[in-house]
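These notes concern the structure reproduced below.
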Amino acid sequence: MPASPASRPVVAAGSPAPQPGGAAARARSVTAWIARRIGSALLVVWIVATIVFFALRASGDPLEAILGGPGSQAGPEAVALARETYGLDQPLIVQYALQLWRVATFQLGDSYARRQPVAELIGAQLPGTLVLAALALLLAWILALVGSVIAQTARGRAGRAAVGALRGLELVSTVMPQFWLGAVLILVFASSLRILPATSGGADPAGLVLPVVTLAIPIAGFLAQVSRDALQEADRAPFAVTARSRGAGETRVLLSHTLRHASLPALSLSGWAFGNLLSGAVVVESLFARPGLGRLLLDAAMSRDVPLVIGAVVVVAVMYVVVVTVVDALELLVDPRLRTAGTLRGRGSDERTPELAVGS
């Protein structure tokens, strides 16, 4: 039987309607989101460690790296001792399980070739690669936003020509190989003009310019294409039309409304872009003789240094997961609608977003 009007709770006029379990529901949502992220990170680390372990073992015996390289003249006793010391006399599945246990317990072991702890080697090279990738991502964002704003505000025949040139540059930059671009930059700015160093192994900040530009330009092309299209769509959206009808000028509409909404698609790509920059660091650090995690990983792979390769790749995978998580959180900050839209980018409709307590 329906409740009588006298038995219903009275809500004061103008006060928000009570939401059952609001705080508890938000806490459960955030907890579930964090748990999914941790689960995804563990899955990624396991897959990466597994692929790298078996790929390296399929490429040859790591004992060669342990004994000093292809020219080693180690005798049978030394070979047998090395196999026993490093557990290479165990079945392959046992070696795999031991390697996973080391990764899970953060005991990455010692490098076969360098005879140093893997954690120390990675810790010494990681900051340089992070600085390189972060500066390249920042430059790519600046180039993308500047190009998008120019394309949006250009008018007349000269404006159309500028937009056409920008689109051509975007297309060319996205298909430009980084090693080719880096070689051209070295030839022009280091060899011919002699205004920038060709290597960046020292402490001179000028040595970062060419590597950062080499990494940033291809990423800037992708981000510019996405942000330009999104800016054009946002400029025709109802909120932009409403802002203009209230007397807002084009500059205010651009800075306060359309640019914020247009940044979301490019922001969504930033996690992918950062991962691409970390992988591109392998080429760029080798090309510019710059110390870093990419160059360390390349040298370790060439010598089949299993602990060092697995340690470096796992660190890169973890950084990628962390960056993607940060990007998703930034999306929630930039667009408050995502907090109640019900889904995060790239997930099914049954997976709810955490209703984070951030200002809109």
On a heavy-atom basis, which atom in [X] and which in [Y] lie closest, and how many Å separate them?
X: L181; Y: I217; value: CD2-CB, 3.9 Å
X: A198; Y: I186; value: CB-CG2, 4.0 Å
X: Q90; Y: Q95; value: O-NE2, 2.7 Å
X: D110; Y: V118; value: C-CG2, 3.8 Å
X: G311; Y: L108; value: CA-CD1, 4.1 Å
X: F179; Y: L287; value: O-CD2, 3.8 Å

Check whether [X] and [Y] end up in the same hydrophobic cluster, where Ile, Leu, Val, Met, Phe, Trp and Tyr are linked by side-chain heavy atoms less than 4.5 Å apart.
X: L126; Y: L298; result: no
X: V322; Y: I47; result: yes
X: I51; Y: V318; result: yes
X: V184; Y: V284; result: yes
X: L187; Y: L193; result: no

My understanding is that only residues two or more places apart in sequence, or in another chain, count here; which of them pass side chain to side chain contact (heavy atoms under 4.5 Å, CB included) with [X]?
X: V313; value: V48, V52, L297, V309
X: V323; value: F274, V327
X: V226; value: P265, L269
X: I38; value: I34, L42

**Asked** Tell me the side chain to side chain donor-acceptor pair (under 3.5 Å) pairs involving residues 171-191, sequence neighbours left out?
**Response** none
**Prompt:** What residue pairs, at least two apart or across chains, pass salt bridge (charged side-chain N to carboxylate O under 4.0 Å, His left out) with a residue in residues 44-55?
**Reply:** none
What distance separates [X] [atom1] from [Y] [atom2], expressed to the nearest 0.5 Å?
X: I219; Y: N276; atom1: CD1; atom2: CG; result: 4.0 Å
X: L98; Y: W101; atom1: CG; atom2: CH2; result: 10.5 Å
X: L210; Y: F189; atom1: CG; atom2: CZ; result: 7.5 Å
X: I122; Y: L308; atom1: CD1; atom2: CG; result: 6.0 Å
X: R114; Y: L296; atom1: CZ; atom2: CG; result: 5.0 Å

Which side-chain N or O atoms in residues 127-145 pair as donor and acceptor under 3.5 Å with protein atoms at least two apart or in another chain?
| from | atom 1 | to | atom 2 | distance (Å) |
| --- | --- | --- | --- | --- |
| T129 | OG1 | E285 | OE2 | 2.7 |
| T129 | OG1 | L293 | N | 2.6 |
| W141 | NE1 | S270 | OG | 3.0 |

**Message:** Could you check whether any side-chain heavy atom of L208 comes within less than 4.5 Å of a side-chain heavy atom of P205, counting everything from C-beta outward?
**Reply:** no
**Asked** Does some side-chain heavy atom of V44 sit less than 4.5 Å from a side-chain heavy atom of Y320?
**Response** no
Contacts of [X] that satisfy side-chain hydrogen bond (donor to acceptor under 3.5 Å, both in side chains) - sequence neighbours left out:
X: E170; value: R228
X: S111; value: D305
X: Q99; value: R102

**Request:** Go through the structure and list residues passing ring pair (Phe, Tyr, Trp, His ring centres under 6.0 Å) with Y96, not counting sequence neighbours.
**Result:** F53, F54
**Message:** According to ring pair (Phe, Tyr, Trp, His ring centres under 6.0 Å), who are the partners of W272, at least two apart in sequence or on a separate chain?
**Reply:** F222
